[in-house]
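What you see is a predicted model, and the numbers here were worked out from it, not measured in a lab.
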Amino acid sequence: MTQTPAVRVRGLVKEYRDGTKANRGIDLDVSPGEILAVLGPNGAGKTTFLRQLTSELRPTSGAISIFGVDALADPQRAKGLMGISPQDAGVFETLTVRLHMELFARLKGLDRDEGRKAAATVIDELGLAGDADRRVGTLSGGQRRRVLVGLALLGSPPLLVLDEPTAGLDPASRRILWDVLLRAVRAGATVILSTHYTEEAERLSDRIAIICAGRLIALGTLPELVARVSDPYRLSYRDPSRAFGDLQVRRFAAFAEVESVIRGLGLSEYSVATASLEDVYFQLAGASFPVDAVADAS
């Protein structure tokens with residue numbers, strides 16, 4: 001029996017009145033329980049894509065389904081299956097973190113006791129227990145970002161759509177959030193998140209989508225994407241004939257070529273690295289792509 005995708009997108013196009021196409025025919029399936037990271041340069045169309053998934057922005061053409069629900073024909077029902085953390089969102093500045101969470105838990109349909117328990121759990125998971133009784137307006141940017149992610153987590157929605165959820169977070173807070181998202185997935189959630197951190201995409205996601213100039217130019221697991229790099233081995237060394245020679249970096253298609261150069265130069269100090277997601281990103285989404293032609297704030 002074929003499993004219904006958590007998200008199915010077909011032929012997604014968003015064209016603005018001035019003729020600018022922010023998304024250009026995107027096709028994408030996301031499986032239940034999957035974490036999909038969306039990468040792309042500023043202006044690539046990532047936020048436009050996510051805003052269409054969440055029914056905030058209606059596409060010019062194409063189809064979107066969320067767990068089999070037509071998101072264009074029945075946006076409220078589709079949105080009820082999601083927890084959403086937008087890149088920028090207003091908060092109630094005068095409410096405490098705890099009251100903020102409890103209010104949104106009630107808005108999501110939880111009763112008073114369930115809302116209090118859910119709020120307490122999310123506050124604790126996100127490391128906000130010490131700030132639970134502070135007004136949201138007094139929090140730092142990183143703390144406010146955690147509050148927004150917490151609001152998305154309330155009620156354990158089956159799909160989380162998060163636009164740069166770790167932007168502004170320090171490394172420790174970022175890892176706390178990673179752990180929270182992984183626990184949500186183990187409990188049955190599906191996650192789609194945009195990010196500018198290649199390390200985050202490498203460590204957190206099952207698959208990675210790269211959007212550039214409004215097009216989906218790559219989609220796959222990390223090994224599948226790395227296999228697309230033309231010269232995946234990088235050798236770094238200093239000229240052994242010079243005491244303070246400049247650092248040399250050379251790329252090779254095969255490891256045997258690296259070994260041959262090491263032997264030929266008689267290198268005793270060097271480093272060898274394989275291609276990373278960053279290498280994939282720059283090869284596929286480099287200067288040859290007209291990313292500045294797309295109107296998108298992400």
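How far CG of Leu222 is from OG of Ser276: 8.5 Å, rounded to the nearest 0.5 Å. With rounding to the nearest 0.5 angstrom, the CG atom of Leu57 is 11.0 Å from the CG atom of Leu50. Considering CG of Leu216 and CG of Leu12, their distance stands at 10.5 Å, rounded to 0.5 Å. The line from CG of Leu267 to CD of Gln248 is 10.0 Å long, rounded to the nearest 0.5 Å. Atom NZ of Lys21 is separated from atom OH of Tyr16 by 13.5 Å, given to the nearest 0.5 angstrom. With rounding to the nearest 0.5 angstrom, the CZ atom of Arg203 is 12.0 Å from the OG1 atom of Thr198.
Minimum interatomic distance between Gly25 and Val13 (heavy atoms only, all atoms of both residues): N-CG2, 3.4 Å. Heavy atoms only, all atoms of each residue included: Pro157 and Ala152 are closest at CG-O, 3.3 Å. Of all heavy-atom pairs between Arg146 and Gly127, the closest is NH1-O, 3.4 Å. Of all non-hydrogen atoms in Ile262 and Val272, the two that sit nearest each other are CD1-CG2, 4.3 Å. When all heavy atoms of Lys108 and Leu151 are compared, the closest pair comes out as NZ-O, 2.6 Å. Taking every heavy atom of both residues into account, Gly40 and Tyr281 meet most closely at C-OH, 3.3 Å.
For Arg183, the salt bridge (charged side-chain N to carboxylate O under 4.0 Å, His left out) partners are Glu125, not counting sequence neighbours. For Phe104, the ring-ring contact (aromatic ring centres under 6.0 Å, His included) partners are His100, not counting sequence neighbours. Applying the side-chain hydrogen bond (donor to acceptor under 3.5 Å, both in side chains) rule to Arg135 yields no partners; only residues at least two apart in sequence or on another chain are considered. For Ser194, the side-chain hydrogen bond (donor to acceptor under 3.5 Å, both in side chains) partners at least two apart in sequence or on another chain are Asp163. Every residue two or more places apart in sequence or in another chain that forms a ring-ring contact (aromatic ring centres under 6.0 Å, His included) with Tyr233 is listed here: Phe255. Partners of Arg116 according to the salt bridge (charged side-chain N to carboxylate O under 4.0 Å, His left out) rule, which considers only residues two or more places apart in sequence or in another chain, do not exist here. For Arg98, the side-chain hydrogen bond (donor to acceptor under 3.5 Å, both in side chains) partners are Asp133, not counting sequence neighbours. In this structure Glu34 satisfies the salt bridge (charged side-chain N to carboxylate O under 4.0 Å, His left out) test together with Arg207, sequence neighbours excluded. Residues meeting the salt bridge (charged side-chain N to carboxylate O under 4.0 Å, His left out) test with Arg228, sequence neighbours left out: none. Applying the side chain to side chain contact (heavy atoms under 4.5 Å, CB included) rule to Ala78 yields the partners Ile66, Val69, Ala71, Met82; only residues at least two apart in sequence or on another chain are considered.
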(request) For side-chain contact (heavy atoms from CB on, under 4.5 Å), just list the numbers for Ile123 and Met101, CA-CA rounded to whole Å, side-chain angles, deciding distance to a tenth of an Å, and then say yes or no. (result) CA-CA 8 Å; Ile123 287 170; Met101 295 287 188; 4.0 Å; yes
(request) Determine, stepwise, if the pair Glu93 / Arg144 fulfils salt bridge (charged side-chain N to carboxylate O under 4.0 Å, His left out). (result) CA-CA 10 Å; Glu93 302 278 339; Arg144 289 160 71 99; 2.9 Å; yes
(request) Step by step, work out the side-chain contact (heavy atoms from CB on, under 4.5 Å) result for Leu36 and Asp206. (result) CA-CA 6 Å; Leu36 177 73; Asp206 297 297; over 6 Å; no
(request) Take Leu219 and Ile208 through the side-chain contact (heavy atoms from CB on, under 4.5 Å) test and state the conclusion after the steps. (result) CA-CA 6 Å; Leu219 174 66; Ile208 299 155; over 6 Å; no
(request) Begin from the C-alpha positions of Leu28 and Val7 and carry the test side-chain contact (heavy atoms from CB on, under 4.5 Å) through to its verdict. (result) CA-CA 8 Å; Leu28 176 67; Val7 176; 5.8 Å; no
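Side-chain contact between Phe49 and Val9 is present, with at least one heavy-atom pair separated by less than 4.5 Å. Counting heavy atoms from C-beta outward, Pro5 and Ser31 have side chains that stay 4.5 Å or more apart. Side chains of Phe252 and Val261 form a contact here, defined as non-hydrogen atoms less than 4.5 Å apart.
Within the 3.5 Å criterion, the main-chain N or O of Val149 finds no donor-acceptor partner in the side chain of Arg145. Of the possible polar contacts, none joining the Gln283 side chain to the Val280 backbone as a donor-acceptor pair under 3.5 Å is found. Judged purely by atom type and a 3.5 angstrom limit, Asn23 uses its side chain to pair as donor or acceptor with the backbone of Gly45. Under the 3.5 Å distance criterion, the side-chain polar atoms of Ser205 are matched with a main-chain donor or acceptor of Ala201. A donor-acceptor contact shorter than 3.5 Å is absent between the side chain of Ser85 and the backbone of Pro165. Side-chain N or O atoms of Thr190 include none that pairs as donor or acceptor with a backbone N or O of Leu159 at under 3.5 Å. A donor-acceptor distance shorter than 3.5 angstrom exists from the side chain of Thr121 to the backbone of Lys117, with no hydrogens or angles considered.
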Solution key, residues 167-182 side-chain donor-acceptor pairs under 3.5 Å, sequence neighbours excluded:
| from | atom 1 | to | atom 2 | distance (Å) |
| --- | --- | --- | --- | --- |
| Asp170 | OD1 | Ala172 | N | 3.0 |
| Asp170 | OD1 | Ser173 | N | 2.9 |
| Asp170 | OD1 | Ser173 | OG | 3.3 |
| Asp170 | OD2 | Ser173 | OG | 3.0 |
| Arg174 | NH2 | Leu169 | O | 3.0 |
| Arg174 | NH2 | Tyr197 | OH | 3.2 |
| Arg175 | NH1 | Pro171 | O | 3.4 |
| Arg175 | NH2 | Glu199 | OE2 | 3.2 |
| Trp178 | NE1 | Glu200 | OE2 | 2.7 |

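For the salt bridge (charged side-chain N to carboxylate O under 4.0 Å, His left out) condition, the pairs that include at least one residue of residues 255-284, sequence neighbours left out, are Arg234-Asp279, Arg251-Asp279.
No chain of hydrophobic side-chain contacts below 4.5 Å, direct or via other Ile, Leu, Val, Met, Phe, Trp or Tyr residues, connects Leu110 to Ile84. Under the 4.5 Å side-chain heavy-atom criterion for Ile, Leu, Val, Met, Phe, Trp and Tyr, Leu99 and Leu139 are members of the same hydrophobic cluster. Clustering ILVMFWY residues whenever any of their side-chain heavy atoms sit less than 4.5 angstrom apart, transitively, puts Val249 in a cluster other than the one holding Tyr270.
Between Thr47 and the options Gln87, Glu164, Gln52, a side chain to side chain donor-acceptor pair (under 3.5 Å) holds for only Gln87.
One finds no salt bridge joining Arg10 and Asp27 here, because no Lys/Arg side-chain nitrogen approaches an Asp/Glu carboxylate oxygen to under 4.0 Å.
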